[in-house]
Amino acid sequence: MEFDQYTVTMLRLRADAPVMSEAEAGELQDRHLAHGAELQDRGIILARGPFTDQDDPQFRGFSIWSVDQETARAHASADPAVLAGRLAVTVMTWMMPAGNLQFTMVRAPRSRAEV
């Protein structure tokens with residue numbers, strides 16, 4: 001069997017995340033969304049989104065990338081929420097049977113107002 005390999009990242013809330021006002025957290029979330037949307041528009045991220053109803057609320061989001069781990073890590077580390085110390089990034093390779101997944105370009109939300 002042949003496999004396709006994807007770089008994936010998981011975002012998790014850091015235990016030492018800075019305390020922010022609602023306004024500060026909202027502004028940071030908008031910058032986080034805009035950063036991811038730009039990468040998705042460029043085809044660097046193939047799919048991304050938040051987790052809901054998970055067993056461990058520290059896990060916040062998941063992305064599938066079209067690039068190698070080093071490149072994905074560099075882009076994910078430049079996320080405003082990561083730079084602010086709110087989120088941490090875990091990078092790994094995920095394997096799927098070849099041809100199992102297909103991605104369609106969609107417009108990603110760039111702010112909370114678009115969600």
Side-chain angles (χ1 to χ4, degrees):
M1 178 175 281
E2 293 186 32
F3 289 89
D4 291 330
Q5 293 187 35
Y6 298 96
T7 300
V8 298
T9 57
M10 290 184 52
L11 294 174
R12 65 187 189 292
L13 183 64
R14 292 175 52 138
D16 62 347
V19 176
M20 298 181 166
S21 70
E22 189 173 322
E24 290 170 326
E27 189 273 332
L28 181 60
Q29 181 68 9
D30 284 348
R31 289 190 292 129
H32 163 73
L33 289 171
H35 174 78
E38 167 67 22
L39 294 171
Q40 199 166 345
D41 287 348
R42 293 171 50 200
I44 294 170
I45 292 178
L46 300 171
R48 68 189 177 96
F51 293 120
T52 62
D53 302 324
Q54 68 272 29
D55 288 339
D56 187 340
Q58 81 170 354
F59 293 108
R60 296 304 173 106
F62 177 80
S63 297
I64 303 172
W65 300 71
S66 67
V67 296
D68 61 80
Q69 280 195 13
E70 182 179 325
T71 304
R73 186 183 315 279
H75 285 296
S77 296
D79 182 316
V82 174
L83 292 173
R86 181 162 174 76
L87 299 177
V89 179
T90 301
V91 181
M92 62 198 89
T93 298
W94 184 43
M95 295 174 51
M96 296 290 294
N100 195 46
L101 291 178
Q102 296 180 2
F103 299 93
T104 303
M105 292 289 288
V106 297
R107 186 177 187 286
R110 283 150 175 73
S111 69
R112 292 169 296 136
E114 292 184 14
V115 172

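The minimum heavy-atom distance linking Phe59 with Gln54 is given by the pair O-NE2, 2.6 Å. Closest approach of Ala108 and Gln40 over heavy atoms only: CB-OE1, 3.3 Å. Across all non-hydrogen atoms, the minimal contact from Arg48 to Pro109 is NH2-O, 3.7 Å.
Among residues two or more places apart in sequence or in another chain, the side chain to side chain contact (heavy atoms under 4.5 Å, CB included) test is passed with Val19 by none. For Gln29, there are no side chain to side chain donor-acceptor pair (under 3.5 Å) partners two or more places apart in sequence or in a different chain. Listed by chain and number, the residues in a side chain to side chain donor-acceptor pair (under 3.5 Å) with Arg31 are Glu27 (sequence neighbours excluded). When the salt bridge (charged side-chain N to carboxylate O under 4.0 Å, His left out) test is applied to Asp56, no partner is found at least two apart in sequence or on another chain. Under the side chain to side chain donor-acceptor pair (under 3.5 Å) criterion, Asp55 pairs with no residue at all, not counting sequence neighbours. For Ala25, the side chain to side chain contact (heavy atoms under 4.5 Å, CB included) partners at least two apart in sequence or on another chain are Met20. For Thr7, the side chain to side chain donor-acceptor pair (under 3.5 Å) test picks out no residue, with sequence neighbours left out. Among residues two or more places apart in sequence or in another chain, the ring pair (Phe, Tyr, Trp, His ring centres under 6.0 Å) test is passed with Phe3 by none. The salt bridge (charged side-chain N to carboxylate O under 4.0 Å, His left out) test applied to Glu24 returns no partner, not counting sequence neighbours.
One finds the CD1 atom of Ile44 at 6.5 Å from the OG atom of Ser66 (value rounded to the nearest 0.5 Å). In this structure, the separation between CG on Leu46 and CE on Met105 is 8.5 Å, given to the nearest 0.5 Å.
Listed by first and then second residue, the side-chain hydrogen bond (donor to acceptor under 3.5 Å, both in side chains) pairs involving residues 96-108 are Arg107-Glu114 (not counting sequence neighbours).
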What side-chain donor-acceptor pairs closer than 3.5 Å can you find for residues 71-85, not counting sequence neighbours?
{"unit_1": "Thr71", "atom_1": "OG1", "unit_2": "Asp68", "atom_2": "OD1", "d": "3.2"}
{"unit_1": "Thr71", "atom_1": "OG1", "unit_2": "Asp68", "atom_2": "OD2", "d": "3.1"}
{"unit_1": "Ser77", "atom_1": "OG", "unit_2": "Arg73", "atom_2": "O", "d": "2.8"}
{"unit_1": "Asp79", "atom_1": "OD1", "unit_2": "His32", "atom_2": "ND1", "d": "3.1"}
{"unit_1": "Asp79", "atom_1": "OD1", "unit_2": "Ala81", "atom_2": "N", "d": "2.7"}
{"unit_1": "Asp79", "atom_1": "OD2", "unit_2": "His32", "atom_2": "ND1", "d": "2.6"}

Sequence neighbours excluded and cut-off under 3.5 Å, please list the side-chain donor-acceptor pairs for residues 86-95, or say none.
{"unit_1": "Thr90", "atom_1": "OG1", "unit_2": "Arg12", "atom_2": "NH1", "d": "3.0"}
{"unit_1": "Thr93", "atom_1": "OG1", "unit_2": "Gln69", "atom_2": "NE2", "d": "2.8"}

